[in-house]
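Computed from a predicted model, the values in this text were never measured in an experiment. Chain letters run A, B, ... following the sequence lines, proteins first, then strands; residues in each count from 1.
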Amino acid sequence: MSQTQKVIEMKGITKMFGDFKANDNIHLEVRKGEIHALLGENGAGKSTLMNILSGLLEPTSGEIKVNGETVSIDSPDTANRLGIGMVHQHFMLVDKFTVTENIMLGKEKHRFGFIDQKDAEKDVQKLSDQYGLSVDPKARIESITVGMQQRAEILKTLYRGADILIFDEPTGVLTPQEIEELMGIMKKLVSEGKSIILITHKLDEIKQVADRCTVIRRGKSIDTVDVQTTSQQELADMMVGRSVSFKVEKGASQPKEPVLSIKDLVVKEARGYDAVKGINLEVKAGEVLGIAGVDGNGQSELIQAITGLAKVDSGTITLDGKDITNMKPRKITETGLGHIPEDRQKFGLILPMTLEENMTLQSYYHEPFSKNGFLQHKEIKQYSKKLIEEFDVRTTSEEAPAASLSGGNQQKAIIAREIDRDPSLLIAAQPTRGLDVGAIEYIHKRLIEQRDNGKAVMLMSYELDEIMNVSDRIAVMYDGNIIAIVNADETSEKELGLLMAGVSPDRVQEELSGSNGKERQTVAKSK
Amino acid sequence: MLAFGYNPITAYEAMIMGVFGSPYFFGEALRQATILTFSGLGFAIAFKAGFFNIGISGQLLAGWVSAIWFALAFPDLPRLILVPATLIIGMVFGAIWAGIAGALRAYFGTSEVIVTIMLNYTALHTTNYIIRNFLAVGNTTERVSENASLRIDWLTNLTAGSRLNLGFFIAIAVVVLYWVFMTHMTSGFEVRAVGLNPNASTYAGMSAEKNIILSMLISGGLAGLGGAIHGIGTFGNLFTQNALPNIGFNGIAVALLGLGNPFGTFLASILFGILDVGSGFMPNRAGVPDEMASIVIAAIIFFVGANYVIRLLIDKVKTNKKSDLEGGEEA
Amino acid sequence: MNLPTLLQLIVSSSLMYAAPLIFTALGGTFSERSGVVNIGLEGIMVMGAFMSAIFNLEFYGTFGNMTPWLGLLAGGVIGLLFSLLHGVASIHLRADHIVSGTVINLAAPALAVFLTRAFYGAAQTGPLARSFGFSNIPLLHRIPVIGPILFGNTSGPAFLGILTAIIAWFILYKSRFGLRLRSVGEHPHAAETLGINVYMMKYAGVMISGFLGGIGGAIQAQAIHNEFGILTVAGQGFIAMAAMIFGKWNPLGAMGAAIFFGFAQSLARVGNYIPIIQDVPSVWLQVLPYLLTIIILVGVVGRSEAPKDLGNTFIKSK
Amino acid sequence: ACQGQDAGDPTPEDPDTEDTTVDEGGEDTETDDNGDVTETTDFSIGMITDEGGVDDRSFNQSAWEGMMQWAEDNGYSGERGDGIEYYQSNDSADFVPNLNQAVANGHDIIYGIGFLLEDSVNDVADQNPDQWFGLVDAISDRENVVSLTFRDHEAAFLAGVAAAHTTETGQVGFIGGIAGEVIDRFQTGFEAGVAHVDESIEVDVQYAESFSDAGIGQQIAAGMFTNGADIIYHAAGAVGNGVFTEARNRLEAGEEGLWVIGVDRDQEEEGNWEGGNFTLTSTLKGVGTSIILATDQTIEEGFPGAENIAYGLEDEGVDLVRGNMSDEAWEAVEEARQQIIDGEIEVPEFTYSGPEAEESE
Ligand SMILES: Nc1ncnc2c1ncn2[C@@H]1O[C@H](COP(=O)(O)OP(=O)(O)OP(=O)(O)O)[C@@H](O)[C@H]1O
Ligand SMILES: Nc1ncnc2c1ncn2[C@@H]1O[C@H](COP(=O)(O)OP(=O)(O)OP(=O)(O)O)[C@@H](O)[C@H]1O
Ligand SMILES: [Mg+2]
Ligand SMILES: [Mg+2]
């Protein structure tokens, strides 16, 4: 590995969006065969920079060299030809197409314009074998796991012969095992002579795989450092520009009576099979119950059933002593539920509506916001202003459309709305997805505060760190069942990982006490 | 136009002078605007809620036929009762006709576009059948009684005998009510919310089904009310139709031109009314085929719809002033 | 009427009515698969009907009996040109697709009648020089029993439509172009990252819809009305749009739906010769096609899923 | 601007073109002549079209051509604006404004073309008692309105006679547009004409419930022909186009002896095909003629207010063209024509008696 050959040089890159400088004179060098991390807070300009490199955006000024030659990357096609491929933060996959169709799109195997499906599938299979990326070439994207979708994304770049791969926050949606696997894939790719740029907020990931790291803050490149010789704390401070703490401050929980109890709950999924297969669960006042599990094991359906968004097939759900099974969402909300939904833009907000309208989305219909069927705009405005201030939602005005807020502030608005109603149960589904350290810190504090006020909190997240840091008890879901409930301070990441992969609790105990060599690999494969 | 040897200036002069030069034709233009306001608002509210109600024509017809039926059946009721009752009947039948599409959409997910198109033709044939078999001997019903008429003398006199009627004021009232409903009422808020994001609305405890049906009911109700006003205001009777009333389809154009805003829709209706009535003067006074008026309307909507270009131009001018930075959006 | 005759009658009159709808609905399918809503089909048909009529009258001397078939091309080309208006407005000028389609529907009849007046001094062209007659589908109509019923003395354009639908299906689902077109209607940003020219694909979709819609109009003029006037198209574009949705944006589905409309319509007309239906009051037969459509839609077909990105304006990142 | 044949062709001998006086009705006639034409009368007439233009190859066109003819005959140029004017309606809501516009322009007589204008003419006539109106194809009892109607059933009767003498299958068809009084007259007359010749000939009657969808016309015609009819008479506007198309297709496919009978104007042109012409004949409706006659009558004898002038075979207000009839059929038609004129045959006008009448046959 000749570590000195520069495959990418970006010099003095500036990108303006109107008057806003998203990239401000950024420098970046990537060497052949390295994994180069790009670290920065939300909105620092990482995606923008990489979109420039991959031909989606044109820089306002600056120079790009690929393999020593100055180039102008005016389209994704050009980037492609230069051997640059990008795995996007939000997957760029057509749900209704198969894996193969997605991979070959734009570079199809064809005869006289007609696609040679079989041949293409073979190619995909071969490629996926070569790099150990197990995918089913014939599966439709909408029916495969997020992990497999991501592997399809990676294959897309490899299929195009990319030598320089850009991964934009690839781990946000993966299980620990999948992350592990991805790290393995990246290392394998590098060993085959590829170079990788890895965008992430997660310092431990950088420590684990990256060789060097460039830190970007507010559109400026701060520094490029050698990962081996830099501590996590140093990286974090560089990224944020101040000193940060990671640990969630919390005292011991004082659980009281159960607020939510679920008995033998069965929920069918849209296509008709059981997604939740007879769950029993309690959440007590004064505790945070974490729901861990790999995406697609029934967590979403469980939450939808509790919140009234999905039909309960059998079983009962009791909230605050009231049977809320199959009640309308509004009735359930009124009984005492707060819900921070998994997809904030799809469920949490009506983006084109104003912030104040969104702030009262759950309460617009009752006094004082509505009288005799008429909205009381004054009251609504006052209340929204209060919340905006209290929860530090950054916006130009309460009359701005929700769409104009940054992701983190959109989430804060939802949290403000849901917490301020003081529900006896707060369900938070992936509340910090895609947010930066500061925002995460804040949200976690609020969840704990809610708990300390004697309310019940249910936290669903795919991020183990978050689950372990915030929860008091953790229920692990696998294949529609809760296969174990453990105490947060008595478990380990490893144990949870195994449980999430469907290894039975007994086996897990065995595994944990036995030799700890390669079991992770096997577990990951079994999913 | 010039290419075909027509003089556009005389054409528009003829149109404008024709309408504004006489209270009668101005009155007629406003009368036409009245009905367009109803069909436009009817289309707009469904559109706001996320539906493409292409069935305004059929709903208008349903309102018209039911209103005439009612007015003919109870000619002797006092005017104070008969007129409102007739209008309500028209509104209710229009609402039901659209409600079918709404309910099918809400409960079966059936495309409202297809259903409303099909209901249009169903309304057309059924109306003709009802006229011939129940309401009239032949193709035209009797006139409704004086007590059911929307004419008001001073308005008729003011506009030199035009058919402008009480409906115009009802239209203005409805424009205001529509605005109040959408911006100040809880249920209007729900309709908008469901239209903008049905998922979030369900999450917030609104019933998508209820709001789909509600917005379609209002939509059809407005169209039906328009039909009733057309019936007892413009014509005083009903006759068999050769085709679906154009005024229903023009409602789409009016609503789009008004950018979904009730006041905008009202103004667009007036513009349409003027163009519609005024275009009648083009062949006579300027020798220009009145198809030109439709082409003009289409052009206006085109530029309103493509307002992005205009915004872009304004932006360009602005940024050019500010600096030479090659930013902004692309062309 | 004996059974084979009755069947032959139903088949041929269903196809006759369906032929313009098939093409236009196929056109709509291409446009909407690329993500561009096209309610302007009605206006496009009008232009196609207009152009084919002119072509038919002017070039009969040159092309003789081939004229109507070539007239399809003429109608298609003008439809394509006219659809560009919709394309530019909705793709580049970011107009709402409904707005721009409405503009098409308003402008086309006015323009076509205006031009007809300019060329022929009347709002109607008068009878065309040569219309499509009946066709026997080569070979197939020789098949015993079913041959004459299905393929004898029937609408040539309809069979061309069926063939076009099959080809369209292959193009949409089996070709490189089709894959790209659909990707643009589903997830244009994904397509963009793969170097697909999203705008170009959308234009392609709209232009194909213009071409096929124009052909639909040309059939309406040359096979059914045998003239062009304001009444020639009168609502068929909207029915074609319904067929497209009914057929779930699938070429074969759209074709099936168009034939179904023809069939329901035909049943209402031919019903007078079928003993059981004979005694049904006429109004029921008149509304039958429409009610039947709704019932089938609710009962059998169910929810249809539009292309995911349908109706959205794609804005290129820059 | 004129197309080949039109309905207004059997123009009667011109009444004395020598000018006549105008007094009563025409108060203000600022629109017309500038005094340079010497021989004109300053009588001016206007017409309001029903839904369509004066170039619709049908009714409105025929009326307008009649007016142009009248203008020429009376010393005008025959150009629009010179003694004659039309107002085009695109929608039923346009009728009244157009009538008022015409009133404002000060024509002596304003004709409303088509039964669709009945109510509108009545209303405007009530509001303008000093203005003369003519109403074509419907009857008004107003003092200042003359009604010009047509004994369409008489022409249809002749069409029936022609059909009965031509049919070889003993089965003929009638396709109406939208059922109603006017079309019913055609149906009644046609059925009576057929029965007059041969009671046993079946008449298959169907309504398209449209005047525009030629596809429906084609489907109905297909049904009728398949069921054994060999002649179809249509009174269905553009729906009739489909009837012609179906007949042509069948003839070209080798069927023989199929005929279509046209309506309102000579539709011979529509019946051209490789093998000749299959338009058996057409019934004519002399809208133009009736306008000329009524106008001249007004000028000569004063305005026939409140009268209903029913133009029939006698005054060539309606007629049947020779078309492609055999000599035998033509003779029979001529004979029946005379008998009708002489009152020997009483042609029934209506079978229409209310609900479901159209299914009664
Ligand atoms: N098309 C655009 N128009 C205007 N501003 C934009 C646009 N794209 C990005 N920005 C802004 O540029 C800044 C940098 O965004 P970018 O997406 O590069 O951030 P990031 O570092 O990738 O953040 P994250 O961690 O959230 O992905 C942000 O403030 C963003 O809002
Ligand atoms: N496409 C865009 N056009 C215009 N402005 C944009 C666009 N995208 C983002 N912005 C603006 O840029 C700002 C930052 O947006 P972004 O979502 O990237 O925030 P962020 O920096 O990642 O913040 P957070 O950490 O809260 O997510 C917002 O104020 C938003 O209004
Ligand atoms: Mg962000
Ligand atoms: Mg990013």
Counting only non-hydrogen atoms closer than 4.5 Å, does [X] touch chain C with its backbone (N, CA, C, O), its side chain (CB onward), both, or neither?
X: V113(B); result: side chain
X: I54(B); result: side chain
X: N250(B); result: side chain
X: A253(B); result: both
X: I301(B); result: both

A side-chain contact here means heavy atoms from C-beta on lying under 4.5 Å apart; do [X] and [Y] qualify?
X: Q286(C); Y: Y129(B); answer: no
X: M118(B); Y: V287(C); answer: no
X: I98(C); Y: F47(B); answer: yes

Given heavy-atom pairs under 4.5 angstrom as the criterion, report whether the side chain, backbone, both or neither of [X] touches chain B.
X: M244(C); answer: neither
X: I104(C); answer: neither
X: S100(C); answer: neither

[X] side, atom [atom1]; [Y] side, atom [atom2] - distance, nearest 0.5 Å:
X: L256(B); Y: T102(C); atom1: CG; atom2: OG1; answer: 5.0 Å
X: I294(C); Y: F108(B); atom1: CD1; atom2: CZ; answer: 12.5 Å
X: I114(B); Y: I296(C); atom1: CD1; atom2: CD1; answer: 11.5 Å
X: F302(B); Y: H86(C); atom1: CZ; atom2: NE2; answer: 11.0 Å
X: H125(B); Y: L285(C); atom1: NE2; atom2: CG; answer: 11.0 Å

So which heavy atom on [X] is nearest to which on [Y], and how close?
X: Y121(B); Y: A234(C); result: OH-O, 4.2 Å
X: S294(B); Y: L106(C); result: CB-O, 4.2 Å
X: T122(B); Y: Y290(C); result: OG1-CB, 3.4 Å

* Asked: With chain B, which of A242(C), A107(C), A243(C) has the greatest number of heavy-atom pairs at distances under 4.5 Å?
  ->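 Among A242(C), A107(C), A243(C), the one with the most close pairs to chain B is A242(C).
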